[in-house]
Amino acid sequence: MTSGTAATRQSTDRPEPLALPAPRVPSPPRAERHVPLGRAGAIYDLVVTIGFATPWTAAAVLGSLHALHVALGLPGSPPPVLGPFELMLTAMMGTAVAMWALARIRYPFASLIAIDSVGRVAFSTWMVTALVSGASPVIVVFLVPEAIWAILQAIGVIRAVR
């Protein structure tokens, strides 16, 4: 036997490597599927609520809303000038909403966007309640987008989990 024959035999004695199918990446659970409009709604929330995240900026935003109410001669009671305790509570709410928005920007999962959609319905309800109770119509500036985002996000959640 020559060395060439041995080399040929060795190469043919080796089994062919198995052709494995490409690994199948499982789809995420329905609750973790992304809702494209969820991230957009969260960015909107961050932009709108960041001004309420500190007592100083909340006072400025509320002062601007008060001035707008007066300048337009709107009916109802104008946004109030808040004291330190009320500004603290407002800033706590603004901080919580801003942090919640950051979480949804990073993780626009259907489960989180569904929770947010329910929250938007609740927020919209409180705004309508305030309007009916005589609050300034400047609330409509917040109410309309809140209701629209609730609807759009709910549709996005339904589509994501189907």
Side-chain angles (χ1 to χ4, degrees), residues 18-69 71-72 74-80 82 85-162:
L18 295 175
L20 298 174
R24 184 176 170 271
V25 178
S27 61
R30 290 180 180 190
E32 291 183 8
R33 291 182 183 162
H34 284 211
V35 177
L37 282 178
R39 181 172 283 135
I43 292 168
Y44 164 80
D45 283 349
L46 185 61
V47 169
V48 170
T49 60
I50 197 71
F52 294 98
T54 73
W56 307 280
T57 55
V61 170
L62 291 169
S64 297
L65 293 173
H66 181 93
L68 179 64
H69 174 91
L72 295 176
L74 297 174
S77 61
L82 302 180
F85 185 80
E86 294 88 356
L87 283 172
M88 176 198 69
L89 292 175
T90 301
M92 288 169 65
M93 187 253 348
T95 300
V97 173
M99 298 308 290
W100 172 242
L102 290 172
R104 290 177 294 120
I105 289 169
R106 178 70 176 94
Y107 305 105
F109 297 154
S111 57
L112 298 181
I113 305 308
I115 293 167
D116 188 67
S117 297
V118 172
R120 288 183 186 281
V121 170
F123 275 35
S124 297
T125 301
W126 311 150
M127 290 182 219
V128 168
T129 301
L131 284 169
V132 170
S133 298
S136 174
V138 295
I139 291 175
V140 173
V141 171
F142 299 98
L143 172 61
V144 170
E146 195 71 23
I148 291 171
W149 280 115
I151 294 165
L152 292 176
Q153 287 186 170
I155 292 168
V157 168
I158 291 166
R159 287 182 178 162
V161 300
R162 282 191 176 163

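Note that these values count all heavy atoms, side chains included, but never hydrogens, waters or copies made by symmetry. Source: prediction; values computed, not measured.
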Quick one: does R39's side chain have a donor or acceptor within less than 3.5 Å of a partner on I105's backbone? yes
Only distances under 3.5 Å count here; give the side-chain donor-acceptor pairs of residues 137-162 to other protein atoms, sequence neighbours excluded, each with its distance to 0.1 Å.
unit_1: E146; atom_1: OE2; unit_2: R120; atom_2: NH1; d: 3.4
unit_1: Q153; atom_1: NE2; unit_2: D116; atom_2: OD2; d: 2.9
unit_1: Q153; atom_1: NE2; unit_2: S117; atom_2: OG; d: 3.4

Point to revise | F123 CZ: over 12 foreign heavy atoms closer than 6.0 Å | key: no
Side-chain (T54) to main-chain (T57) donor-acceptor, under 3.5 angstrom
yes
Kindly indicate, with the supporting measurements, whether the criterion side-chain contact (heavy atoms from CB on, under 4.5 Å) is fulfilled by W100 and T49. CA-CA 11 Å; W100 172 242; T49 60; over 6 Å; no
Around atom CE of M99, are there more than 12 heavy atoms from other residues, nucleotides or ligands closer than 6.0 Å?
no
Taken to the nearest 0.5 Å, the spacing of F85 CZ from T90 OG1 works out to 10.0 Å
In this structure, CZ of R104 is separated from CZ of F109 (nearest 0.5 Å) by 13.5 Å
Let me have the donor-acceptor pairs involving side chains of residues 60-69, under 3.5 Å, with sequence neighbours excluded, atom names and distances please.
unit_1: S64; atom_1: OG; unit_2: A60; atom_2: O; d: 3.0
unit_1: H66; atom_1: ND1; unit_2: P79; atom_2: O; d: 2.7
unit_1: H69; atom_1: ND1; unit_2: S136; atom_2: OG; d: 2.5
unit_1: H69; atom_1: NE2; unit_2: L74; atom_2: O; d: 3.2
unit_1: H69; atom_1: NE2; unit_2: G76; atom_2: O; d: 3.2

**OP:** Apply side-chain contact (heavy atoms from CB on, under 4.5 Å) to M93 and V97, showing your working.
**Re:** CA-CA 6 Å; M93 187 253 348; V97 173; 4.1 Å; yes
Between V47 and I50 the two heavy atoms that sit nearest each other are O-CG2, 3.7 Å
